[in-house]
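All remarks here apply to the structure that follows.
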Amino acid sequence: MKFAVIVFPGSNCDRDMYYAAKDALGEEAELVWYQDADLAEYDAILLPGGFSYGDYLRSGAIASTSHVVAEIKKQAKKGVPILGVCNGFQILLESGLLPGAMLRNQKLKFMCHYQELIVENNKTMFTTAYQDKESISLPIAHGEGNYYCDQETLKELQANNQIVFTYADNPNGSISDIAGIINKEGNVLGMMPHPERAVEDILGSADGLKLFQSVLNNWREAYVTNA
């Protein structure tokens with residue numbers, strides 16, 4: 001499996017993503033500069049955290065208008081797995097690939113610590129290695145991670161089982177404790193906590209590795225077994 005790790009001006013978790021895919025998972029991975037927009041050769045696309053374009057206007061807003069995001073939208077329509085973490089999640093929201101928006105943290109402070117999450121949906125291509133309602137520990141690092149959507153959108157997310165991760169102890173004020181959501185088609189996941197920073201026990205948790213293993217296992221089942 002070959003992963004593309006998209007790098008924008010201001011990305012700072014791109015190497016973490018690269019390490020998670022290439023070293024921890026043991027698959028192919030490449031850092032792809034945002035101007036190199038041909039993504040046809042990749043089996044999955046990773047949008048890392050950081051401060052793309054310095055978070056000017058709104059976090060992820062400028063990056064969402066880039067040519068590479070237009071290419072990502074094309075790949076999303078083809079069913080390619082796309083994971084956006086932290087600033088990557090913000091880009092997915094700003095681009096319309098996922099519904100909702102990000103607000104400043106409720107206490108208006110940047111937060112950086114491990115956080116307990118609950119796996120609400122373990123039947124997505126990103127979560128099949130987890131148990132239903134499994135409690136996992138992943139780090140957060142954000143100042144604008146307060147997920148918001150209107151009540152109609154929230155009801156739709158709940159009805160379609162699109163809420164994938166919730167906070168056991170909500171740190172930022174996100175509506176319904178939401179930490180991560182997926183699109184209706186099930187191939188675009190956005191989350192604020194960082195699974196790529198929790199792929200080895202020496203880091204404090206290896207709970208994030210199961211997410212990458214889920215993607216790999218489901219890709220193998222879909223494209224290798226049936227090839």
Side-chain angles (χ1 to χ4, degrees), residues 1-5 13 16-29 39 42-49 72 75-86 88-89 92 97-99 114-140 147 156-168 176-201 203-227:
M1 188 174 192
K2 191 173 185 179
F3 290 83
V5 181
C13 299
D16 303 79
M17 280 286 201
Y18 178 84
Y19 178 86
K22 186 172 180 62
D23 295 291
L25 190 63
E27 296 298 305
E28 288 187 74
L39 302 175
Y42 299 100
D43 302 305
I45 300 168
L46 307 176
L47 289 167
I72 289 171
Q75 298 305 309
K77 289 181 180 179
K78 295 178 182 178
V80 172
I82 297 168
L83 170 66
V85 173
C86 202
F89 186 9
L92 293 176
L97 280 166
L98 289 174
Y114 268 87
Q115 187 72 40
E116 182 184 354
L117 307 180
I118 305 299
V119 180
E120 298 291 348
N121 182 354
N122 72 331
K123 296 191 171 49
T124 78
M125 67 170 66
F126 302 92
T127 55
T128 49
Y130 296 106
Q131 298 296 313
D132 185 38
K133 304 299 182 182
E134 182 175 347
S135 175
I136 63 175
S137 180
L138 298 180
I140 61 171
Y147 177 77
E156 190 172 352
L157 290 174
Q158 293 168 335
N160 296 326
N161 208 18
Q162 289 175 250
I163 300 172
V164 179
F165 298 105
T166 58
Y167 297 108
S176 290
D177 304 323
I178 290 173
I181 61 172
I182 200 164
N183 64 338
K184 289 180 181 178
E185 295 74 18
N187 67 306
V188 180
L189 174 67
M191 57 190 299
M192 288 309 294
H194 290 265
E196 79 282 4
R197 293 184 179 179
V199 293
E200 292 182 339
D201 289 330
L203 299 173
S205 171
D207 290 343
L209 184 58
K210 288 183 180 180
L211 187 147
F212 296 98
Q213 290 171 333
S214 296
V215 176
L216 176 59
N217 292 339
N218 284 289
W219 175 82
R220 283 176 173 166
E221 183 175 344
Y223 296 103
V224 177
T225 304
N226 297 326

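By convention here, the first residue in the shown sequence is residue 1.
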Less than 4.5 Å apart, any side-chain heavy atom of [X] and any of [Y]?
{"X": "Lys210", "Y": "Ile136", "result": "no"}
{"X": "Phe165", "Y": "Val119", "result": "yes"}
{"X": "Cys13", "Y": "His194", "result": "yes"}
{"X": "Leu46", "Y": "Tyr18", "result": "no"}
{"X": "Phe212", "Y": "Met1", "result": "no"}
{"X": "Thr124", "Y": "Leu189", "result": "no"}
{"X": "Leu92", "Y": "Ile82", "result": "yes"}
{"X": "Met191", "Y": "Leu211", "result": "yes"}

Report the residues that fulfil side chain to side chain donor-acceptor pair (under 3.5 Å) with Glu156, sequence neighbours left out, ordered by chain and then residue number.
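For Glu156, the residues satisfying side chain to side chain donor-acceptor pair (under 3.5 Å) (neighbours in sequence not counted) are Lys184.
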
Closest contact, heavy atoms only, [X] versus [Y]:
{"X": "Ala179", "Y": "Pro193", "value": "O-CD, 3.5 Å"}
{"X": "Ile181", "Y": "Leu157", "value": "CG2-CD1, 4.3 Å"}
{"X": "Met17", "Y": "Pro48", "value": "CG-CB, 3.9 Å"}
{"X": "Pro99", "Y": "Tyr147", "value": "O-OH, 2.7 Å"}

Using modelled atom types only, decide if a donor and an acceptor are shared between the side chain of [X] and the backbone of [Y] within a distance under 3.5 Å.
{"X": "Asn122", "Y": "Thr127", "result": "no"}
{"X": "Glu120", "Y": "Thr166", "result": "no"}
{"X": "Asp16", "Y": "Arg197", "result": "no"}
{"X": "Asn187", "Y": "Ala76", "result": "yes"}

Would you check if there is a donor-acceptor pair between the side chains of Thr128 and Asn218 at a distance under 3.5 Å?
yes

Euclidean distance, [Y] [atom2] relative to [X] [atom1], rounded to 0.5 Å:
{"X": "Ser137", "Y": "Leu203", "atom1": "OG", "atom2": "CG", "answer": "11.5 Å"}
{"X": "Ile45", "Y": "Leu39", "atom1": "CD1", "atom2": "CG", "answer": "4.5 Å"}
{"X": "Glu134", "Y": "Asp207", "atom1": "CD", "atom2": "CG", "answer": "6.5 Å"}

Any residue meeting side-chain contact (heavy atoms from CB on, under 4.5 Å) with [X], in chain and number order, not counting sequence neighbours:
{"X": "Ala24", "result": "Tyr19, Val199, Leu209"}
{"X": "Ala198", "result": "Tyr114, Leu138, Pro139, Ser205"}
{"X": "Ala168", "result": "Glu116, Ile118"}
{"X": "Lys123", "result": "Asn121"}

Does Tyr167 form a side chain to side chain contact (heavy atoms under 4.5 Å, CB included) with Leu117? I'd like the steps, not just the answer.
CA-CA 5 Å; Tyr167 297 108; Leu117 307 180; 3.5 Å; yes

If you count every heavy atom of other residues, nucleotides or ligands that lies below 6.0 Å from Gln131 atom CD, does the total exceed 12?
no

Got a sec, which residues hit salt bridge (charged side-chain N to carboxylate O under 4.0 Å, His left out) with Lys22, two or more places apart in sequence or on another chain?
none

Please test Val215 against Leu25 for side chain to side chain contact (heavy atoms under 4.5 Å, CB included), starting from the C-alpha separation and ending with a verdict.
CA-CA 10 Å; Val215 176; Leu25 190 63; over 6 Å; no

